Amino acid sequence: MDLNYKATELRLGLPGTDDLPEINTTTTSSLTKSTKRSSSEMSQNEESRSSPPAKEQVVGWPPVRSYRKNVLQGKKVLPETWSAMYVKVSMDGAPYLRKVDLKVYKSYGELMKGLQEMFSCTIGLYNEDERYDGSKHAATYEDKDGDWMLVGDVPWEMFVTSCKRLRIMKGYEARGLDL
Amino acid sequence: MAYSFPEEVLEHVFSFLSSEKDRNAVSLVCKSWYEMERWCRRRIFVGNCYAVNPKIMIRRFPEVKSVELKGKPHFADFNLVPEGWGGYAYPWIVEIARGYPWLEEIRLKRMVVTDESLELISKSFKNFKVLVLSSCEGFSTDGLAAIAANCRNLRVLELRECEVEDLSGHWLSHFPDSFTSLESLNMGCLNSEVSFSALERLVARSPNLKTLRLNRAVPLEKLPTLLQLAPQLVELGTGSYSAEIRSDLCSSLLEAFSRCKNLKGLSGFWDVVPAYLPAFYSMCPRLTFLNLSYATTQSPDLTKIVSQCHNLQRLWVLDYIEDTGLNALSMSCKDLQELRVFPSDPFVADANVLLTEQGLVSVSEGCPKLQSVLYFCRQFSNSALTTIAKNRPNLTTFRLCILEPRAPDYLTFEPLDSGFGSIVQHCKNLRRLSLSGLLTDRVFQHIGTHAKKLDMLSIAFAGDSDLGLHYVLSGCESLRKLEIRDCPFGDKALLANADKLETMRSLWMSSCAVSFGACKVLGQKMPGLNVEVIDERENLDSIPHNSPVEKLYIYRTVAGERFDMPHFVRTMGKDNRRFK
């Protein structure tokens with residue numbers, strides 16, 4: 001059994017000084033190796049810049065505790081300043097649905113304007129002084145609880161966070177909602 | 001020989017010594033000091049539960065009030081230690097229950113704690129006051145119920161990032177109505193919902209409650225109620241920080257927070273809805289600790305917060321803070337001592353987050369008291385490292401994690417040897433260092449030459465040869481903990497520095513090049529060490545001698561080899577020996 005005793009001999013000095021490589025040559029050789037490797041890595045990164053790929057996961061790397069990873073997994077950031085909040089908009093009688101980004105609008109008025117442009121129709125906002133007439137459409141939305149609500153009752157910010165989808169109804173249907 | 005001071009006086013003098021090191025030094029002076037000291041030692045810290053056995057401890061120190069134990073190696077935090085390796089608390093609890101009936105405090109870290117252990121704790125110590133479990137696992141909420149029900153004088157119950165089998169939230173209701181001594185409760189890592197009315201009543205009858213860390217299941221709507229009941233809180237961990245935007249909740253939160261005049265530390269902030277962040281702005285100038293590392297909120301909000309925290313000493317945050325946020329930090333928080341920046345998306349190669357080395361450079365420039373850094377990012381350079389080193393020679397902890405293994409200096413494509421070299425050269429009091437990026441043996445030469453106070457070193461994907469390991473083991477005089485993964489270090493350096501290993505607490509090496517045969521030799525030659533080979537791939541009896549082991553954990557011990565190992569762990573070189 002070849003145990004290579006020389007290699008395992010316990011000494012206080014450097015193990016086998018005669019067979020140890022010079023520091024300089026080690027660093028330069030690994031330097032050239034690493035430069036080559038790193039530049040090819042860099043070009044690879046640039047090519048794949050369009051869609052950030054999920055890295056092949058090495059066990060235990062990066063050293064983030066699983067507790068922390070689990071908490072953040074699947075977390076979507078709720079940014080205030082950018083990113084969109086798209087909801088589906090259906091219009092009665094239209095063959096397909098559209099999507100609007102609620103973050104783009106600052107008020108109900110702006111939203112109505114945007115929807116009107118998108119669907120080439122007029123939408124009436126419920127107003128205590130007015131009533132819906134048959135020619136106008138009415139905007140309704142589905143909230144977090146799954147209920148269908150009339151657009152315009154709650155403060156704008158609250159509407160934005162609770163609206164899941166929009167539906168533009170024909171005016172005469174909406175009349176039934178007029179209390 | 002007569003002594004000038006009677007025993008009582010010496011004992012009184014010793015009672016001022018709280019540091020472990022000082023007490024250990026005192027006990028080495030002479031036999032009578034050893035005797036006196038052992039009778040008046042009240043706190044014991046065992047950094048490796050397998051280094052000593054509890055019987056030895058109890059025999060030497062008969063009147064202990066507080067025991068702290070650590071079990072698994074640090075890399076267990078990153079799933080590198082297989083399930084079942086060890087670190088069982090029960091054998092210790094059994095002995096301690098027998099030997100220290102008046103024990104008041106138990107602190108365990110990275111140990112396997114069963115419900116049985118918790119029940120035993122709850123019934124064995126009449127004056128039990130403090131239970132802190134950090135990164136522990138193996139117990140359920142039933143064990144917690146036992147603690148709640150039986151520990152009449154409990155003051156502190158803290159579960160820090162434990163893995164608990166969450167059967168229900170009912171455990172909290174087991175605190176009896178007569179229980180009023182609670183000072184600190186940390187249940188942040190639990191998932192299930194506790195009865196809110198039970199929690200409310202508990203808080204209401206705990207006038208000394210200073211620390212309260214809620215879990216995610218406590219909704220934001222309930223927070224004002226709790227704060228009204230405990231305006232004396234010093235540390236608060238919120239539950240979920242999310243709710244539909246309602247003006248009444250906003251104002252009640254604001255009011256409740258403003259009542260807490262003593263609040264110095266905030267954490268929690270799961271599921272943050274940014275609209276509710278301003279509720280605690282009025283607290284910011286008083287805060288010394290802020291943990292936003294679960295707050296998935298963007299840089300502008302984070303910047304606004306830190307800009308108001310003029311007395312902040314410790315900040316934990318996600319990389320969403322970006323360089324701009326860190327720049328604001330550097331200008332506003334002149335008392336900052338510790339900064340930890342965690343990655344929001346560690347597995348994505350190219351993220352949209354604008355956090356670079358520049359953020360850390362700014363903080364190093366602007367915060368003169370900065371001592372401790374943990375920083376995850378995607379790029380770094382030697383020049384940035386050198387700048388940081390020169391700015392902050394008072395650093396004691398520097399842990400840098402560049403997410404991509406072996407990433408070079410992004411400006412020059414060179415290894416980061418000289419940058420880390422600057423760190424160890426300038427920061428003469430550096431105690432803890434974690435390396436990352438592309439590194440050759442040269443960085444280890446720098447470390448061995450300069451890092452004389454270094455206590456703990458973490459290395460991953462670095463080095464070229466055994467020389468690297470040799471530099472560290474032969475040069476770092478104060479080194480006690482060394483953990484290495486995926487480095488080309490093998491038998492030579494390890495065997496040549498075998499004696500060094502007895503001066504350290506432990507050495508971990510995984511995915512390196514140490515052979516099975518070398519482990520056997522080391523184990524045979526060094527009776528004061530346990531050389532544990534951990535290998536799940538194959539039968540440990542059939543591994544060839546020159547084959548590299550998967551994982552290796554070496555630690556000094558006076559307790560001999562342990563006998564609670566699973567089949568994939570073997571203590572090498574102790575086949576026919578037994579130690580008391």
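Since we're looking at a predicted model, the values are computed, not measured. Chain identifiers are assigned alphabetically (A, B, ...) following the order of the sequence lines, protein sequences preceding nucleic acid strands; residue numbering begins at 1 within each chain.
Taking 4.5 Å as the limit, every side-chain heavy atom of A:P62 sits out of range of all side-chain heavy atoms of B:F342. Looking only at side-chain heavy atoms (C-beta outward), B:F461 and A:V58 come within less than 4.5 Å of each other.
Scanning both residues, B:F376 and A:V64, for their nearest heavy atoms gives CE2-CG2, 3.8 Å.
When each of A:G60, A:S66, A:P155, A:P63 is checked for heavy-atom pairs under 4.5 Å with chain B, A:P63 comes out on top. The greatest number of non-hydrogen atom pairs below 4.5 Å with chain A, out of B:S436, B:S344, B:C189, is found for B:C189.
The ring-ring contact (aromatic ring centres under 6.0 Å, His included) check on B:Y375 picks up nothing, with sequence neighbours excluded. Judged as a ring-ring contact (aromatic ring centres under 6.0 Å, His included), and not counting sequence neighbours, the contacts of B:H74 are B:F78.
With a threshold of 4.5 angstrom between heavy atoms, B:S299 does not approach chain A through any atom at all. For chain A, the nearby parts of B:S293 are the backbone and the side chain; heavy atoms of each come within less than 4.5 Å. Contact of B:E244 with chain A is made through the side chain alone, with heavy-atom distances under 4.5 Å. Only the side chain of B:L318 comes within less than 4.5 Å of a heavy atom of chain A; its backbone N, CA, C and O stay farther away. For a residue to count as touching a neighbouring chain, one of its non-hydrogen atoms must lie under 4.5 Å from one of that chain's; by this rule B:N546 does not touch chain A.
Atom OG1 of A:T161 and atom CZ of B:R246 lie 11.5 Å apart (nearest 0.5 Å). Note that CD1 of B:I245 is 9.0 Å distant from CE of A:M158, once rounded to the nearest 0.5 Å. Between A:R68 atom CZ and B:D77 atom CG the span is 11.0 Å, to the nearest 0.5 Å.
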